[in-house]
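All remarks here apply to the structure that follows.
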Amino acid sequence: MISPRWRKVIRDLAGHRFRTLLVVLSIAVGIFAILVVLGARGVLLREFEAVFGDSRAPTATMRVSIADEGTVAAVARTPGDDVASSGWDTLEVWAVADFENQRVGRFTPQQVRSWPPLTGEVVLEQSARSVGEYDVGDTLTVESPGGKRARLRVAGFAHDINAYPAQFVAMSTGFISLDTLAVLDEPREYNTIALLAEDPKITRSQASRLAAHVRDDVVAARGVRVLLTQVPEPGSHFLGDIFKAVSLLLLALGVLSMLLSGFLVVTTIQALMAQQVRQVGIMKAIGGRASQITRMYLGMVLIYGVLAVAVGLPAGIAAARWFTAYGAGLLNFRIISYVPPVYVSVLGALVGVAVPLLAAIVPVRFGTRMPVARALTATGLSRTVFGHGLIDRVLGLVRGLPRPVALSLRNTFLRKGRLALTLTTLVLASAVVMSVLTVRGSILRTVDEIDLWQFDAQFHLARTVPGERVLRVAERGRGVTQAEGILDYVATLKRADGTEGEGISIIGLPPATTFIAPKVERGRWLEEGDSYAVVVNTDVLKDEPEFALGRTVTLDVRGVERTWKVVGVVSGGLMGPVVFVPRTRLDGLLQGSGGVNRVFVRTEHRHASAQEQTALDLERRFEEAGVPVAATQTQLEQRDTIASQLGILVVFLAIMAVLLAFVGVIGLTGTMTINVLESTREIGVMRAVGASHGAIYNIFITEGVVIALMAWGIGAVLSWP
């Protein structure tokens, strides 16, 4: 037999289906949001650490002229590190000596027809599918730096967490066997040596010293010229900063979701108790104790919570799986298991059960402690007196409003406690939504307004070519109005403490160039006659404070060291760390003869399609003239690439905005629904004195609009910081 009070609970749940649905949905929204954001965050963190750790990312990487097996073996015998090597060409195709026993920079086959790939086959990194339609068995035409064209068959796909995602750099990565080098007319030699320290806790300073020791005492001692040495932060992924930002955003969203869910439940239960105040009075009049009634209503809330968990938990897990897969695709992660961490599921269940109970304690106790006489005499009409508070008196000064509007304003501020809870929910949601959309708009606008480089198309050459020869070809291009060549290499900073920094792009260009519009923040731009002067952008100063204005720095460019003086600092322009030097000085330092390896052109065309056609025409002309082009990029393509790099944050911010907006809408819907349910008798009184359905409808609509406008105004102020 079921006791009468529990029969009442069941009857309330079944008899007021819409109210039950509203309460369950309010709680389920919080569970859903927590499962989605924290579940996705937990899976991404877990899988990233597992896959990145298993990849054995290099401690240091050296680009060398030509190294044979003897050099690699000598490096491998150096105490304190484990070594692997590979070669690569300008199409980002890496020739790998041993696919089965990768010791450094491991990558994992995902969908392959043959492993390792046979001669004449290539395995593409899986992110290639984000920029092109590739499938196993497709045939690709490739061109080596020497101009040799060959056809490679796609043997499958692999995942390399240390490879740049194709959508970020507009270039795919592939892996071939050493035997395939002959197909490309490339020597069976190595030009990259990757080091892996035995100590997993090695510091960057220690790693730098290890790399310098191997470079100077092992590699260079065997007559191999080291062109570049790169030492990243040990254990740090190149997308680490973006991943940390995404992780922080998801954590913040999860906390906000819990807060908003709690406010929704408090508002709903408070209204429920106000609606059943006479029933509470009757139960107390026939002997019901306050503790019994409290347990009864808390039991009802517990049932609400269990139903919400039954709805929100599976929906949240399913959405978290999709969200995780989407995020992993953007970040080029390989997900082994989509099962969310146990603590996330437990937290979701606790939010569904414990949060409603905690939120309901105050309104339930307040309702059950009401005197019997007051509860029994409740008519269903509001007992709240309007006109005594400060806000009420201010509203009373407003004259000339239509009666329905005036009534709406009065009703809005009549229940100030509920209004405060509703506004808190909506203000939090609206403030975050406006902040998110503002940051998103700022990012997109920043990309659109990138105007550091003033070219229509640029060409990266596979090797350094005499500048006069290249410019003669470029200036004959259809629609070309101006052309200029520069030198683009990677330099390594020699710090004062003997350590070395990561690779920094060093660009040698004419000081009077018109293809760059630098925004000088400190110091000055390059001038004719400068003697080993360097201008750095702000991104360099973030990581290397030794580049402060007026200081001298030592840079290693392709194995040649030289001291430069910092004469200026320019804005970053979303380029990453870059230093600018006079082209003639850089060319002379490398004992060149006026060569360039990058060409800018400006055309008479303003439309992107016409610029692309000009770029294709020039690429053909370069090919006919024997100028090896490694990559071509228009200004629009460069902006799209930068936008893709920032797109991760934009996407996650947009998802945050949608989820929080949804929670806010549920909150406002719940409040307005409860207000209508509470005002059933007031509506009857108004209809009895002649009020039309439309007039009553407008009263509540106006009330909702007023609440929304207040939330927008307060949220706009809070979103500004």
Side-chain angles (χ1 to χ4, degrees), residues 90-92 143 145 147 169-171 447-490 505-519 525-526 528 535 537 570 573-576 578-584 586-587 592-644:
T90 54
L91 297 177
E92 287 297 322
E143 185 178 57
V169 293
M171 186 180 297
V447 173
D448 290 337
E449 293 183 354
I450 295 174
D451 55 0
L452 181 64
W453 294 105
Q454 304 291 312
F455 64 83
D456 291 332
Q458 65 171 325
F459 302 86
H460 295 265
L461 307 184
R463 62 176 182 270
T464 303
V465 180
E468 292 183 1
R469 174 187 167 196
V470 174
L471 295 183
R472 279 198 305 269
V473 177
E475 290 170 350
R476 290 198 299 267
R478 186 172 52 205
V480 175
T481 59
Q482 191 177 359
E484 184 173 277
I486 68 171
L487 287 171
D488 186 358
Y489 294 110
V490 177
S505 179
I506 182 169
I507 296 178
L509 40 67
T513 179
T514 60
F515 282 87
I516 186 173
K519 297 179 181 178
W525 180 243
L526 299 173
E528 296 291 346
V535 173
N537 69 359
V570 298
L574 296 179
M575 296 176 57
V578 178
V579 298
F580 302 94
V581 300
R583 188 182 68 190
T584 54
L586 183 59
D587 185 56
S593 55
V596 299
N597 59 6
R598 190 169 164 192
V599 181
F600 295 132
V601 298
R602 192 174 290 130
T603 71
E604 62 187 16
H605 308 299
R606 299 275 65 88
H607 296 291
S609 59
Q611 293 174 1
E612 290 176 2
Q613 289 300 319
T614 298
L616 292 174
D617 174 64
L618 270 180
E619 189 172 1
R620 179 182 57 80
R621 290 177 181 270
F622 282 138
E623 179 183 347
E624 293 173 351
V627 177
V629 177
T632 303
Q633 187 180 53
T634 64
Q635 181 71 274
L636 180 61
E637 289 172 341
Q638 184 187 53
R639 292 186 179 186
D640 289 343
T641 299
I642 296 174
S644 296

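Values reported hereafter were calculated over all heavy atoms of this structure, with side chains retained and with hydrogens, waters and symmetry mates removed.
- Atom CG of Asn597 sits about 6.5 Å away from atom CG of Leu461, to the nearest 0.5 Å.
- Two residues are said to be in side-chain contact when any heavy atoms from C-beta on lie closer than 4.5 Å; Val601 and Phe459 meet this criterion.
- Taking both residues in full, the closest heavy atoms of Ser505 and Asp488 are given as OG-OD1, 3.3 Å, listed atom of the first, atom of the second, then distance.
- Between Glu484 and Phe455 there is no side-chain heavy-atom pair separated by less than 4.5 Å.
- Heavy-atom minimum distance, Ala474 versus Val599: CB-CG1, 4.4 Å.
- Minimum interatomic distance between Leu471 and Gly485 (heavy atoms only, all atoms of both residues): CD2-N, 3.8 Å.
- No more than 12 heavy atoms of other residues, nucleotides or ligands shown are found within 6.0 angstrom of CD on Glu468.
- Between the side chain of Asp456 and the backbone N or O of Thr603 there is at least one donor-acceptor pair closer than 3.5 Å.
- Put simply, NZ on Lys519 and CG on Asn537 are 13.0 Å apart, with the number rounded to the nearest 0.5 Å.
- A heavy-atom distance below 4.5 Å is found between the side chains of Leu509 and Leu526.
- Formation of a donor-acceptor pair under 3.5 Å by the Arg583 side chain with backbone atoms of Val596 is not found in this model.
- Summarising the geometry of Pro511 relative to Trp525, their closest heavy-atom pair is O-NE1, 3.1 Å, with the distance given to 0.1 Å.
- Of the possible polar contacts, one joining the Thr481 side chain to the Arg602 backbone as a donor-acceptor pair under 3.5 Å is found.
- In terms of heavy-atom proximity, Leu487 sits nearest to Gly595 at CD2-O, 3.1 Å.
- Taken from CD1 in Ile486 to CZ in Phe580, the straight-line distance is 8.5 Å, to the nearest 0.5 Å.
- Across all non-hydrogen atoms, the minimal contact from Arg469 to Ala625 is NH2-O, 2.8 Å.
- Taking the side chain as every heavy atom from C-beta outward, Gln613 and Asp617 never approach each other to under 4.5 Å.
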